[in-house]
Amino acid sequence: MGQQGDAAKAKDTAAKDTAAKDTGGSKGGSKGRTGAGGKAPGKDTGKDTVITPRAEDYSQWYLDVVRAGELMDYAPVRGCMVIRPNGYGIWEALQRDLDRRFRETGHENAYFPLLIPRSFLAKEAEHVEGFAKECAIVTHHRLKTVERDGKTTLEPDPASRLEEEYIIRPTSETMIWHMYGKWIDSWRDLPLLLNQWANVMRWEMRTRPFLRTAEFLWQEGHTAHATRDEAMQETRLILDIYRDFCEEILAIPVVQGVKTESERFPGADETFCIEAMMQNGWALQSGTSHFLGQNFAKAFDVTFQNKEGEREHVWASSWGVSTRLIGGVVMTHSDDNGLVLPPRVAPLPVVIVPIYRKAHEKEAVMVHADKVAAVLKDVGLRVKIDDRENMKPGAKYYEWERRGVPLRIEVGPRDVKNDGVMSVRRDNRNKEPMPLAGLAEQVPALLDCIQRDMLERARAAREERTGDVATLDELAERLEASPGWYRGGWDGTPETEAKVKEVTNATIRLIPLEGSEPDGRKDLVSGKDAKYTVVYARAY
RNA sequence: CGGGGUGUACCUCAGUGGUAGAGGGGUAGCUUUGGGAGCUACCAGUCGCGGGUUCGAAUCCCGCCACCCCGACCA
């Protein structure tokens with residue numbers, strides 16, 4: 001009941017699980033462990049969630065890891081989650097770094113309203129098509145209490161019905177282009193390079209923590225330019241920023257490419273993307289950068305006067321990454337013991353666990369631990385000493401592992417005597433002693449090493465699951481035997497693209513920026529000469 | 001929207017018509033502390049909601065609701 005909360009109780013009736021009964025009989029407790037099978041996970045502290053091994057059930061593993069790592073909890077609102085401090089800390093770290101990159105390339109932050117007049121969304125034909133089905137709508141601005149069956153409830157006050165409803169933004173192009181129309185008049189007003197950090201809402205049919213939630217956090221950049229080339233350059237610049245960011249900060253290797261028309265953002269002329277491979281071989285679209293052409297400028301009639309005194313429609317880009325990246329981090333690096341975070345986005349990169357038996361040991365150990373913490377804080381690291389009295393060290397190890405802390409430092413009587421510490425890496429569990437004297441250099445170096453190793457490990461895992469196929473049958477077989485990314489020929493028609501999807505459930509993830517030459521390949525379906533080499537894979 | 005499931009304590013669940021349970025958790029105390037500590041006591045539930053059947057319903061019947069998982073659609 002964690003998540004059904006009050007809404008459920010509001011009214012109605014009830015009874016027994018009719019539906020459950022009808023279909024019943026089927027394997028009662030076959031799974032027999034937490035959450036598997038179909039029991040709705042509720043709120044828990046994360047302290048006692050059993051983590052299903054990846055090999056047993058990958059998507060259950062993912063759900064277990066995000067909860068055991070205390071990244072999120074289910075909210076009492078359909079498809080929505082609470083991002084807990086350990087998860088929000090990742091978002092903040094990621095935000096800090098990306099924001100710096102945006103500023104360094106000339107962008108500024110701004111904020112636009114959550115609510116968008118309904119008519120705005122209708123102005124760009126493809127855009128409406130793309131988003132209309134998943135919008136939440138605000139229809140009233142006031143509630144009133146009413147008596148119903150002897151109970152007092154709240155209902156929208158009919159008198160407060162809005163003349164024009166508002167849409168809760170699924171993305172802000174329309175609002176932003178409305179405003180750009182007011183701000184852009186001359187070539188001197190261009191380029192206009194804005195970004196906003198915001199929440200958006202898309203009423204998705206099926207949600208998954210971080211990967212797809214009804215409400216999510218993201219940044220959306222919206223730029224306006226005088227020429228096509230400039231707008232395209234901007235689109236590509238951002239794509240490079242996204243790639244570098246994912247690889248350097250999240251330790252997620254990505255491939256850059258272009259989406260096919262069927263996967264293109266509604267309203268874009270071209271959608272560029274970065275795709276990452278998760279440990280189960282599926283692809284995760286991790287960021288998109290759209291070349292919008294003049295579509296929104298035309299829909300909102302945004303023109304400028306060029307140096308020759310003529311009026312032209314402006315050229316545009318938009319781009320974004322979301323809290324989905326957190327799901328990508330989890331699925332790329334974590335293991336059967338729980339979360340594994342790259343040091344650069346870990347809310348807590350280092351935890352110190354003191355170990356002692358007697359009172360006099362405790363005193364010496366705590367003094368030592370404080371010394372260690374001071375050294376690390378001095379070099380700019382966030383550190384925590386886990387001085388909880390009621391837990392034994394083993395229990396603390398267990399907990400910090402599940403929370404993904406990259407480096408654990410153990411400090412016990414032996415370490416006091418040796419004037420050193422024991423360090424234990426989360427990513428590979430390597431344990432090594434370190435002298436106190438060298439900590440200021442060794443710990444940051446070790447964290448960098450972990451960061452690099454995680455990226456390389458992820459890259460190696462991706463390469464291992466990447467291959468080439470020549471026919472549809474071969475693709476289907478290979479995907480069945482070993483889910484992954486398969487390069488193959490595509491003749492460029494929507495028909496063969498759709499056929500592949502129908503047969504294999506895999507889609508064209510992208511036409512890679514590098515290596516999309518047909519190279520003599522044939523289309524998997526039609527057998528005609530390929531126009532491109534593309535990457536086929538199952539995707540989230 | 002199709003298919004499959006689940007709603008009982010903070011969590012995971014057991015409970016086929018007769019006093020509401022277990023394990024974990026939390027609180028307090030004592031003993032512990034180099035990989036999930038032990039003992040004692042305590043805390044904790046309108047059994048998702050509304051009806052019905054019955055002397056009696058968590059349990060049987062009817063009607064709902066919510067959530068989770070798998071698809072289709074999307075970041």
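Please read all numbers here as calculations on a predicted model, not as lab measurements. Computation of the quantities below employed the complete heavy-atom set of this structure, encompassing side-chain atoms and omitting hydrogens, waters and symmetry-equivalent molecules. The chains referred to below are lettered A, B, ... by the order of the sequence lines, with proteins before strands, and numbering in each begins at 1.
- A/E401 contributes a side-chain N or O that forms a donor-acceptor pair with the base of B/rG35 under 3.5 Å.
- One finds a salt bridge joining A/R426 and A/D335 here, because a Lys/Arg side-chain nitrogen approaches an Asp/Glu carboxylate oxygen to under 4.0 Å.
- Comparing B/rC60 with B/rG56, their C1' atoms sit 13 Å apart, to the nearest whole Å.
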Is there any protein nitrogen or oxygen under 3.5 Å from a nitrogen or oxygen in nucleotides 30-33 of chain B, and what are the pairs?
{"from": "B/rU33", "atom 1": "O2'", "to": "A/Y356", "atom 2": "O", "distance (Å)": "2.9"}

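- A/E410 comes within 4.0 angstrom of a nucleotide base, judged by non-hydrogen atoms across all strands.
- Within residues 412-427 of chain A, the residues having any heavy atom under 4.0 Å from RNA chain B are, by residue number, A/G412, A/P413, A/R414, A/D415, A/M422.
- Straight-line distance between the P atoms of B/rU8 and B/rC47: roughly 11 Å, to the nearest whole Å.
- Within the 4.0 angstrom heavy-atom criterion, base atoms lie near A/T213.
- Within the 4.0 angstrom heavy-atom criterion, no nucleotide atom of any strand lies near A/F131.
- The pair A/D240-A/R236 fails the salt-bridge criterion, with no side-chain N (NZ, NE, NH1 or NH2) lying under 4.0 Å from an Asp/Glu carboxylate O.
- Residue A/R538 places at least one side-chain N or O closer than 4.0 Å to OP1 or OP2 of B/rG71.
- Closest to the side chain of A/R208, from the set B/rG71, B/rG34, B/rA75, is B/rG71.
- Counting only residues at least two apart or in different chains, salt bridge (Lys or Arg N to Asp or Glu O under 4.0 Å) contacts with residues 353-366 of chain A comprise A/R357-A/E361, A/K362-A/E389.
- When rounded to the nearest whole Å, the span between NZ of A/K133 and P of B/rC73 equals 10 Å.
- Using Watson-Crick or G-U wobble geometry with both donor-acceptor distances under 3.5 Å, B/rC67 finds its partner in B/rG5.
- Distance CZ (A/R67) to P (B/rC10): 15 Å, rounded to an integer number of Å.
- Of the P atoms belonging to B/rG24 and B/rU19, the separation is 25 Å, rounded to the nearest Å.
- Under 3.5 Å, the side chains of A/S318 and A/H222 contain no donor-acceptor pair of N or O atoms.
- Among the protein residues, A/L284 comes within range of no part of the nucleic acid, since none of its heavy atoms lies under 4.0 Å from any strand.
- B/rC68 and B/rA28 are spaced 35 Å apart, taking the P atom of each and rounding to whole Å.
- In this structure, B/rU54 forms no base pair with any nucleotide, since neither Watson-Crick nor G-U wobble geometry is met with both distances under 3.5 Å.
- Between the CG atom of A/D336 and the C1' atom of B/rG35 there is a distance of 17 Å, rounded to whole Å.
- Side-chain atoms of A/Q196 and A/S172 form a donor-acceptor pair, as typed in the model, at a separation below 3.5 Å.
- With both pairing distances under 3.5 Å, B/rA37 is matched to B/rU31 as a Watson-Crick or G-U wobble pair.
- Closest approach to the A/R429 side chain among B/rU12, B/rC70, B/rG35 is made by B/rG35 (side chain taken as heavy atoms from C-beta onward).
- A/H127 meets the ring-ring contact (aromatic ring centres under 6.0 Å, His included) test with A/F131, A/F265, A/F296; sequence neighbours excluded.
- Comparing the same atom, C1', in B/rC70 and in B/rG34 gives a spacing of 45 Å after rounding to whole Å.
- Residues A/C80 and A/Y397 both approach RNA chain B. Their nearest nucleotides, taken by heavy-atom distance, put A/Y397 toward the 5′ side.
- Following rounding to the nearest Å, A/E399 (CD) and B/rG36 (C1') show an atom-to-atom distance of 10 Å.
- Heavy atoms from other residues, nucleotides or ligands lying under 6.0 Å from NZ of A/K123 number more than 12.
- For B/rG36, neither phosphate oxygen OP1 nor OP2 lies less than 4.0 angstrom from any side-chain nitrogen or oxygen of A/R402.
- What separates CH2 of A/W203 from P of B/rC1 is a distance of 13 Å, to the nearest Å.
- Between B/rC10 and B/rC55, the two C1' atoms lie 37 Å apart (nearest whole Å).
- In the set B/rA75, B/rC68, B/rG71, B/rA75 carries the atom at the smallest distance from any side-chain atom of A/R324.
- Spacing between atom CG of A/L63 and atom C1' of B/rU12 amounts to 16 Å, rounded to whole angstrom units.
- Following rounding to the nearest Å, A/I238 (CD1) and B/rA75 (C1') show an atom-to-atom distance of 17 Å.
- Regarding contacts with the backbone of B/rA75, every side-chain N or O of A/T171 stays at 4.0 angstrom or more from both OP1 and OP2.
- Pairing for B/rG25 goes to B/rC43, judged as Watson-Crick or G-U wobble with the two contacts each under 3.5 Å.
- Closest to the A/S59 side chain, of the nucleotides B/rC70, B/rG34, B/rG71, is B/rC70.
- Straight-line distance between the P atoms of B/rC64 and B/rC1: roughly 15 Å, to the nearest whole Å.
- Applying side-chain contact (heavy atoms from CB on, under 4.5 Å) to A/I450 and the options A/V340, A/L341, A/D427 leaves one that passes, A/D427.
- In this structure, A/F265 reaches neither bases nor backbone, as no heavy-atom distance under 4.0 Å exists between it and the strands shown.
- Of the candidates B/rC68, B/rG35, B/rA75, the closest approach to any side-chain atom of A/R408 belongs to B/rG35.
- Among B/rG36, B/rC73, B/rA75, the nucleotide with an atom closest to any side-chain atom of A/Y398 is B/rG36.
- Heavy-atom contacts from other residues, nucleotides or ligands closer than 6.0 Å to CZ of A/R118 number 12 or fewer.
- Atom pair A/D57:CG and B/rC68:C1' shows a separation of 12 Å (rounding to whole Å applied).
- In this view, A/Y88 satisfies the side-chain hydrogen bond (donor to acceptor under 3.5 Å, both in side chains) rule with no residue, not counting sequence neighbours.
- Taking atom P on both nucleotides, B/rU12 is separated from B/rA57 by 28 Å, rounded to a whole Å.
- Across all strands shown, A/K501 has heavy atoms under 4.0 Å from sugar-phosphate atoms exclusively, and none from any base.
- Within a 6.0 Å sphere centred on CH2 of A/W218, other residues, nucleotides and ligands contribute more than 12 heavy atoms.
- By the 4.0 Å N-to-carboxylate-O rule, A/E401 lies close enough to A/R408 to be salt-bridged with it.
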Pairs under 3.5 angstrom only: tabulate donor-acceptor contacts from the side chains of residues 321-329 of chain A to other protein residues two or more places apart or in another chain.
{"from": "A/S322", "atom 1": "OG", "to": "A/R324", "atom 2": "N", "distance (Å)": "3.0"}
{"from": "A/T323", "atom 1": "OG1", "to": "A/L217", "atom 2": "N", "distance (Å)": "3.4"}
{"from": "A/T323", "atom 1": "OG1", "to": "A/L217", "atom 2": "O", "distance (Å)": "3.3"}
{"from": "A/R324", "atom 1": "NE", "to": "A/L211", "atom 2": "O", "distance (Å)": "3.1"}
{"from": "A/R324", "atom 1": "NH1", "to": "A/Q285", "atom 2": "O", "distance (Å)": "3.1"}
{"from": "A/R324", "atom 1": "NH2", "to": "A/L211", "atom 2": "O", "distance (Å)": "3.4"}

